[in-house]
Structures are given as C-alpha cells and as structure tokens.
Amino acid sequence: MAEDLIEALSKSEKRYISLRYLSTPKQRHLKLLFDSLESKKKSSKETKSMLKSSGYHAPIHVLRYDLNQLIRKALRSYYHDFSVESQLHNCIKDIEILNMKSLPKSCLETIKRAKTLAYKHEKYPELLTLLKWERNLIVQTQGSQAPKIMSETLNHEENHVIDQIKDTSQQWKIMTELIAGGLEESPDSYEKRITNLPENAPLQSHILNKYIRHSLNFIKGNPKEAKRDLQSIVTEIEKYPHRIKDNPINYVTALNNLIGGCIGIKDTEGVLANLKKVREIPKKFKPHPNKFTLRQTLQSYNLEIEYLRTTGQFDKTENSRNEVKRLIDKNKSDFPLDYAIIFDFQFAYIHYRLKNIPLALFWINRALIRKVHNIHEDIQIATYFIYLWVLATKNHKSALISANQSFSRFIKKNFPESIIGRNIYRFFKAFSYNPDNEGKCSVSLDLIYEGVAVTKKERFRSLIDPDDLLTKAKNYTI
C-alpha cells in the first residue's frame, strides 16, 4: 500500500520523489495525496474531501494505486546503481533497447563490460542472461558462421557458469538439510557429503562449505573448532574488499557469527576486536549509506554491551554507552524504536548494578514513557521489573503499589498473553505489604516462573536473574 511505502521512505528519498516526480501541475493530485499520507494528520474522509475540492472526482483507490506505482518507479531511478545487481540489470535493459534500435556493435560492447563486472562479483544468474543476449547477437550478425563460433566459445563459457551455479546450489542443499534436520542424522553422515572444493569454486560455495563445517563442529560439541571455522569465513571474505563494499551485510553476518563464537568460549579480546571491525566498515570499505545503516552500528554496540553486562563487566561499558548516547542525540528523529527500547533496558540495568540508582531510574522512566506494544515483550517487562524491584527493596510501599498497578494495566493492554508478566504483578503485590525486605524476600521467587515455558524462563533470566539481584539488594542505596 502507498501508506506503508511512504512510511518506509527516508528524508532524502521523499525529497527526491517530490522534486523529480511530483512537481508538475499534472501531478498535483498525487502530490496532495502524498503529502496527506506522509503527514498522517488527515483522516481518510478529510483526504477525500480535500481531493474533491481540488478537482479530483475519480475513486481514491485509483489515485492510491497510481501513487504507489509512481513511488516505485522513482525508487528504481533513485537506486539505479545501488548494487552490482542493479548495475547489471540496467546493462541488460540497455542491451534490450540497443538491440531494438538495431545497434549490434553497441550491444556487444555493453555485454563485454557487463560480463567483466559480473565475473568480478560472481553474479552468475546475470551472466546467463548476458550469454543469452550474446548468443542472439551472434546469430543476428554472423549468419552461417554462428554455430561454429558458439560451439568454440559460448557453449563452453555457459557450461562453466552453470557448473558454478550447481556448486553453490549443492552447498546450499547440504546447509539447509543440516539446519532443518538438526541431529536427526549423525554429523558423520554429513561429513561424508562434504568435499574439498576446487580453488576456482565460487566464493559463496567456499563460505557455505565453511559454515557447514562450523555447524558440524558446533553440533559435535567442539566450540573452539567451530570458532576457528567462523574465523576462516571472515578471513576469506576479507580477501575481496570490493565484494564487501557492494554487499557489507554478508561480512557483518560473518563477523556477528564470529562474535557469537568468541562469546561461547569467553574470548573477550576476540569479541571486542571483531565488534571494532563491524564499526570500521563505513570508513574502511565505503559502502552505499543505505547498505550499512545506523541499525548495523547499533547492533554492534548492543552486542558489546550485552556481552559485558552478562559477564558482569559493567564498568567496562562506559565507552560504548557514551557512543550510543551520542548516536541517540545525533539521530533523535530517526533512531530505531526497537533499539531505543533495548538500550533503555541495558543502561537502566547497568546503572542499577553500578549502584547509580538515580541514573537507573532515568533510563527506566524513558522506557516507561514509550509503552510500545508488539515489540520486545521480554525486554519491556524486564525494564519494568527493575523499576518495581528498586521500589520494593527500598521499601517505598505506596510508590510500589501504584507502580505495580500501572504495570498490570501495561501487561493487560500490550501483552495480555504474558504469563510471566502476570506472575511478576502477583509477586510484587505480595512483596509490597511485607515490611521485612532488607536483603530478604517475603514471597518465593519461584512465583515469577510459575507456568512459564522453559525457554521464556531462561530468556528472562538472561536479561535479569532475580536470585542474583536478591543477594545484592541490601547493598544498594539511593
């Protein structure tokens, strides 16, 4: 729908569309609808009335459809050279037009340039299309000599490209079967299917092959070998900086997987070194701004803070926290809401554990003001838990009763199916009336997990462990 598409547009994209595609008198009705949907200030009825008064009398759904198509056309133009695939598709379109204009020489020149680019980035599906056009042009220009030319060069080249696609497809097949099957087959049965790939196999085939080996080592309980496999994937990708520039997300994924492997064997130095690599991508490889966005940077900081928080290294989070605060201030209007919720919790918990209760409450209040539904249920509940815990352990009875009632309303409105949310309300309702809470708990912590699935219990404990908090509560002062 046009509304969804407009909501997803960046400021620069909106400006580009307005100036290039909605600036003529002919487009005035589309411009009115675009502005109305972008502002979200007018109801559907008000929008219809506005369009009618401007002289538009056709059904509004027709105009919505036209606007949707126009925005897509504008975005295709805006991102015409966004990636190597985009550039190759443009070349193929150029070849089609040049052929229509009976310009075979220009067609062949374009094919030659496009093939060089496609081989450099291993874009084999696009190569097959280019070879198809090359064959058509040979038939058009060489007449009776065409079969001989194709049998000597083109057929061999096409078979090579098909073999490369088959290699990658085979690695994907093994990988997806391993993920889907899990432990249903023994690791040995998969290892028999893995072969050492030839050196000239596609990069993606090599990477998938290494991911398969990593998965097998992980399943067999060999975390160090699994981490070694992940390191080899990163090293392999780093041999092709032009590929990272075109598609940094594959590199980020490999680094994030390696960071996870380092966390698994408690390699703090490896975690921090690879997080640094993630943050250096924009400066080192200079990808398109839309390919390495604020979200990737925030993800790296969240991984670092999460690791230091869960390993109890709270004092070492200061530099990362300061950098995230700088990004929050710099991107106030564009800061992703899901990451805002995550960092509200991270900072609140860290400040609480650093015994800085006022700052913990500052970040808690930021989170409570949001009250967003359908996003990060576990994190929002965990943030509320810290707030209730502070009030309970400091014996602020009236404040706790009021806050707990607000929490109950929050759960009913936003996450009515949350068992752990309802249990936390019951826990603090019982806790709030007992005067003896200096490092002791008047009601069993088991109440929090009553009827809660094991996975949800472990997820909550990975965010906040009430047993751990209880042992430290009497040492915290406001």
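These numbers were taken from a predicted model, which means no experiment stands behind them.
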Would F407 and F385 count as a close aromatic pair, with their ring centres under 6.0 Å? no

salt_bridge(R459, D378) N-O dist < 4.0 Å: yes

Can you confirm whether F218 is buried at CZ, in the sense that more than 12 heavy atoms of other residues, nucleotides or ligands lie under 6.0 Å from that atom? no

Considering only distance and modelled atom types, tabulate donor-acceptor pairs under 3.5 Å from the side chains of residues 64-77, sequence neighbours left out.
residue	atom	partner	partner atom	Å
R64	NH1	E3	OE1	3.2
R64	NH1	E3	OE2	2.2
S77	OG	Y16	OH	2.7

Could you tell me which non-hydrogen atom of I305 sits nearest to which non-hydrogen atom of T317, and how far apart they are? O-CG2, 4.5 Å

A226 backbone acceptor or donor facing H214 side chain under 3.5 Å: yes

Go through the steps to decide whether L361 and Y352 satisfy the test side-chain contact (heavy atoms from CB on, under 4.5 Å), and finish with yes or no. CA-CA 8 Å; L361 291 173; Y352 176 75; over 6 Å; no

Nearest heavy-atom approach of P336 to L294 is CD-CD2, 3.8 Å

Going by atom types only, do Y384 and S406 share a side-chain donor-acceptor pair under 3.5 Å? no

To the nearest 0.5 angstrom, please state how far the CD1 atom of I381 sits from the CD1 atom of I424. 6.0 Å

Atom pair CD (Q231) and NZ (K210), whose distance is rounded to the nearest 0.5 Å: 11.0 Å

Could you please spell out the steps behind the side-chain contact (heavy atoms from CB on, under 4.5 Å) verdict for F345 and Q380? CA-CA 7 Å; F345 162 74; Q380 291 196 71; over 6 Å; no

Kindly indicate whether a cation-pi arrangement holds for R279 with Y301, taking the cut-offs as under 6.0 Å to the six-membered ring centre and within 45° of the axis. yes

Do the side chains of E225 and K220 get close enough for a salt bridge, i.e. N-O under 4.0 angstrom? no

Answer yes when D338 and R295 have at least one side-chain N-carboxylate O distance shorter than 4.0 Å, and no when they do not. yes

Within the structure provided, determine whether K14 and F34 are in side-chain contact (heavy-atom separation under 4.5 Å). yes

T168 versus S205, closest heavy-atom pair with distance: OG1-OG, 2.8 Å

Do F347 and F362 come close enough that some side-chain heavy atom pair is under 4.5 Å? no

If you look at every heavy atom in P248 and P287, which pair is closest and at what distance? CG-CB, 3.9 Å

Qualifying residues under side-chain hydrogen bond (donor to acceptor under 3.5 Å, both in side chains), relative to S18, sequence neighbours excluded: K31

Rounded to the nearest 0.5 Å, the NZ atom of K166 sits from the OH atom of Y124 at a distance of 15.0 Å

Are any side-chain N or O atoms of N302 and backbone N or O atoms of L298, one a donor and one an acceptor, separated by less than 3.5 Å? no

Answer yes or no: is there a donor N or O on one side and an acceptor on the other, between the side chain of K286 and the main chain of K283, under 3.5 Å? yes

Are the side chain of D246 and the backbone of V84 linked by a donor-acceptor contact shorter than 3.5 Å? yes

Do the side chains of I420 and K457 get nearer than 4.5 Å, heavy atoms only? no

So how far is it from S320 OG to I350 CD1, rounded to the nearest 0.5 Å? 9.0 Å

If we only count heavy atoms from C-beta on, is the Q346 to V324 side-chain gap below 4.5 Å? no

Exam field: side chain D267 to backbone C262, donor-acceptor pair closer than 3.5 Å: no

So do the side chains of D315 and R353 get within less than 4.5 Å of each other, counting heavy atoms only? no

For E238 and Y251, does a side-chain donor sit closer than 3.5 Å to a side-chain acceptor? yes

Just one of Q170, M175, Q171 clears the side chain to side chain contact (heavy atoms under 4.5 Å, CB included) bar with N209, so which one? Q171

Under a 3.5 Å distance rule, please check whether S215 uses its side chain to pair with a backbone N or O of Y211 as donor and acceptor. yes

Look at the side chain of N404 and the backbone N and O of L400, then say whether any donor-acceptor pair between them is shorter than 3.5 Å. no

Salt-bridge test for E318 and R321: reply yes if a basic N is under 4.0 Å from a carboxylate O, no otherwise. no

Are R213 and D229 close enough for a salt bridge, meaning some N to O gap below 4.0 Å? no

Using a strict cut-off of less than 4.0 Å between a Lys/Arg side-chain nitrogen and an Asp/Glu carboxylate oxygen, indicate whether E122 and R243 qualify as a salt bridge. yes

Angle between ring planes, Y240 versus H242, binned at 30° and 60°: parallel, tilted or perpendicular? perpendicular

What distance do E85 atom CD and N247 atom CG have between them, rounded to the nearest 0.5 Å? 7.5 Å

Assess the residue pair F460 and Y449 against the criterion (side-chain contact (heavy atoms from CB on, under 4.5 Å)); give the C-alpha distance rounded to whole Å, side-chain angles, the decisive distance to 0.1 Å, and a yes or no. CA-CA 9 Å; F460 185 75; Y449 306 121; 4.0 Å; yes

Looking at side-chain heavy atoms only, is the closest gap between P59 and V62 below 4.5 Å? yes

side-chain contact (heavy atoms from CB on, under 4.5 Å), that's the test. Do Q204 and W172 meet it? Break it down for me. CA-CA 9 Å; Q204 190 178 28; W172 269 118; 3.5 Å; yes

Is a donor on one side and an acceptor on the other found under 3.5 Å between the side chain of S54 and the backbone of L51? yes

Pi-cation contact, F285 with K245 (under 6.0 Å, within 45°): no

For G221 and P223, the nearest pair of non-hydrogen atoms, with its separation, is O-CD, 3.2 Å

Please examine the side chains of K277 and N274, heavy atoms only from C-beta on, and report whether any two atoms are closer than 4.5 Å. yes

Quick check for you: to the nearest 0.5 Å, what is the distance between L63 atom CG and L32 atom CG? 9.0 Å

Taking T310 for the side chain and Y307 for the main chain, is one N or O donor matched with an acceptor at less than 3.5 Å? yes

Donor-acceptor check, side chain of S300 to backbone of T297, threshold 3.5 angstrom: yes or no? yes

Does a side chain donor of either Y349 or W363 reach within less than 3.5 Å of an acceptor in the other side chain? no

Minimum heavy-atom distance between L391 and A399, given as atom pair plus value: CD1-O, 3.7 Å

Is there side-chain contact between N217 and R228, with heavy atoms separated by less than 4.5 Å? yes

